[in-house]
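Notes to accompany the following structure.
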Amino acid sequence: MKEKKPKMESPKVKKKHDFKWWRNLIAKAAVYFVLICVGFVYLEPIFEMIAKTFMSEADIIDPSVTWVPKGLSLNNLKVAGTVLKVVPTLRNTILWSGGMALAQTLVSAMTGYALSRYEFKFKRFWFVMIVLAFIIPTPVTMIPRLMMFVGVQDATAVQLIGTALPQVSMAVLGQGIYSAVLILIFYTAFNMIPRVLDEAAQIDGASSMKIFWFIVVKMSATTILVVFLFSFVWNWNETYITGTLLRGNIELLPSKLNMFNSEFSSLVSAQGGAFRLNKAYKMAATLISISPLLLLYTFVQKWFIQGIENTGITGE
């Protein structure tokens with residue numbers, strides 16, 4: 001038997017393969033370059049905030065120190081924590097954001113389920129209203145809402161402005177912060193659940209509420225987590241509506257951060273200290289205010305990403 005000689009590639013084929021390899025390499029390099037540039041735009045403020053947080057006063061005024069401090073200092077965190085009253089303020093913020101997120105998640109889930117499973121009069125009209133509630137800017141609707149609450153307060157002699165009642169009622173009635181987005185997320189997720197499961201449960205004698213709790217909710221755990229996290233973060237960062245309705249009667253971290261300059265000045269005047277406000281104190285206060293959100297995302301990122309994929313937010 002004669003051995004078959006391996007086929008030799010012609011110079012043209014070899015040149016074509018080399019060109020294709022170089023083209024793929026250049027394309028990947030271009031993609032990574034764009035990703036690195038975009039990532040740097042997002043991460044650079046965070047890196048600068050962390051670096052400034054641990055700089056001493058000497059490092060702040062030293063032009064040769066940009067990213068890495070010559071000596072780590074925890075004094076900035078201590079001062080920022082004192083100004084923010086971090087322990088009670090953090091507790092209030094977690095309870096406030098968590099409570100509002102729970103209310104919004106429950107109401108949005110029930111509303112999304114009704115839109116997904118039931119046919120009723122003016123369904124399209126209410127669906128359009130939900131979309132409009134998302135499109136219309138918040139300041140446009142805030143003035144009529146404020147006037148409405150003031151009118152109810154005057155008519156009933158019950159104190160509303162300056163309490164949690166207005167925002168709690170808005171969340172329970174589906175008018176919380178970006179509740180329209182949360183309803184649409186649930187509506188999309190529930191549409192992906194086969195209706196034959198509902199029909200099978202109805203044949204077995206299950207009521208609509210049992211179908212909702214024991215079938216739809218259990219099959220939408222990741223979606224519920226996504227909605228809860230969205231609502232939690234949005235309520236955590238919201239300062240306009242909260243400042244307008246609460247009037248600072250409940251101390252929250254974002255509100256204290258917005259007033260950091262004045263709070264710092266009043267604290268120094270009261271204590272008779274010689275501290276001067278600098279960039280490091282502000283960066284430390286900002287890091288304190290976002291650290292709970294970063295920790296929360298670190299622990300739930302796996303389920304969060306999975307939930308986003310399942311709800312179709314990516315457009316797939």
Side-chain angles (χ1 to χ4, degrees), residues 93-118 120 122-150 152 160-161 163-193 209 212-213 216-217 220-246 250 252 254-255 293 296-297 300 303-304 307-308 310-315:
T93 310
I94 292 176
L95 293 175
W96 172 263
S97 302
M100 297 295 289
L102 284 174
Q104 281 190 270
T105 302
L106 177 61
V107 173
S108 300
M110 298 180 70
T111 307
Y113 179 74
L115 291 172
S116 174
R117 288 296 192 267
Y118 296 107
F120 48 88
F122 308 113
K123 177 180 176 179
R124 292 186 178 180
F125 170 78
W126 290 115
F127 196 87
V128 171
M129 290 298 102
I130 291 174
V131 175
L132 286 177
F134 168 64
I135 296 175
I136 298 176
T138 301
V140 176
T141 59
M142 191 63 242
I143 296 177
R145 287 174 178 172
L146 179 61
M147 295 174 62
M148 179 184 66
F149 286 122
V150 171
V152 173
L160 294 177
I161 305 302
T163 68
L165 290 177
Q167 282 184 266
V168 171
S169 62
M170 288 167 58
V172 171
L173 296 176
Q175 296 295 314
I177 300 170
Y178 299 123
S179 285
V181 180
L182 306 182
I183 293 172
L184 294 176
I185 292 175
F186 274 122
Y187 173 77
T188 303
F190 293 160
N191 279 339
M192 297 179 184
I193 299 175
M209 189 59 66
F212 174 71
W213 284 110
V216 176
V217 170
S220 307
T222 54
T223 303
I224 293 172
L225 176 62
V226 168
V227 170
F228 177 83
L229 289 178
F230 276 150
S231 180
F232 185 87
V233 173
W234 290 337
N235 280 284
W236 183 287
N237 293 325
E238 173 59 44
T239 56
Y240 176 70
I241 297 176
T242 305
T244 303
L245 297 177
L246 279 181
I250 300 178
L252 304 174
S255 302
L293 301 180
L296 178 63
Y297 178 75
V300 301
W303 300 279
F304 180 73
I308 289 179
N310 293 338
T311 53
I313 297 177
T314 58

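Since the model is a prediction, treat every value here as computed from it, not as a measurement.
- You'll find the side chain of M170 stays beyond 4.5 Å of the side chain of L165, heavy atoms only.
- Side chain of S231 to backbone of V227: no donor-acceptor contact under 3.5 angstrom is found.
- With contacts defined as side-chain heavy-atom distances shorter than 4.5 Å, the pair I161/T163 does not qualify.
- Atom OG of S220 sits about 12.0 Å away from atom CG of L225, to the nearest 0.5 Å.
- Judged purely by atom type and a 3.5 angstrom limit, S179 uses its side chain to pair as donor or acceptor with the backbone of G176.
- Atom CZ of F122 is surrounded by 12 or fewer heavy atoms from other residues, nucleotides or ligands within 6.0 Å.
- The ring pair (Phe, Tyr, Trp, His ring centres under 6.0 Å) test with Y187 is passed by exactly one of Y113, Y118, F127: F127.
- Within the model, atoms CH2 of W234 and CD1 of I241 stand 12.5 Å from one another, a figure rounded to the nearest 0.5 Å.
- Between Q167 and W96, the shortest heavy-atom distance links the atoms OE1-CZ2, 3.3 Å.
- Minimum heavy-atom separation, V172 to V107: O-CG2, 3.3 Å.
- When all heavy atoms of S97 and N235 are compared, the pair lying nearest together is OG-C, 3.8 Å.
- Between the Q104 side chain and the I177 main chain, a donor and an acceptor come within less than 3.5 Å of each other.
- Within the 3.5 Å criterion, the main-chain N or O of P166 finds a donor-acceptor partner in the side chain of S169.
- L246 contributes atom CG, which lies 5.5 Å from atom OG1 of T242 (distance to the nearest 0.5 angstrom).
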**Audit row: L245, M142, side-chain contact (heavy atoms from CB on, under 4.5 Å) steps and yes/no** = CA-CA 10 Å; L245 297 177; M142 191 63 242; 3.7 Å; yes
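- For the pair L296 and L229, the minimum side-chain heavy-atom distance is below 4.5 Å.
- Here the side chain of T244 pairs a donor or acceptor atom with the backbone of Y240 at under 3.5 angstrom.
- When side chains are defined from C-beta on, T105 does not count as touching L182, because their heavy atoms never get closer than 4.5 Å.
- Without hydrogens or angle criteria, R117 side chain to F212 main chain gives no donor-acceptor distance under 3.5 Å.
- Between atom OG1 of residue T111 and atom CH2 of residue W126 there is a gap of 11.5 Å, rounded to the nearest 0.5 Å.
- Atom CD1 of I143 sits in a sparse spot, with 12 or fewer heavy atoms from other residues, nucleotides or ligands closer than 6.0 Å.
- With contacts defined as side-chain heavy-atom distances shorter than 4.5 Å, the pair T93/S255 does not qualify.
- Between F232 and W236, the angle of the ring planes lies from 30° to 60°, which puts this pair in the tilted group.
- Residues L115 and F186 are not in side-chain contact: their nearest non-hydrogen atoms beyond the backbone lie 4.5 Å or more apart.
- A donor-acceptor contact shorter than 3.5 Å links the side chain of T141 to the backbone of T138.
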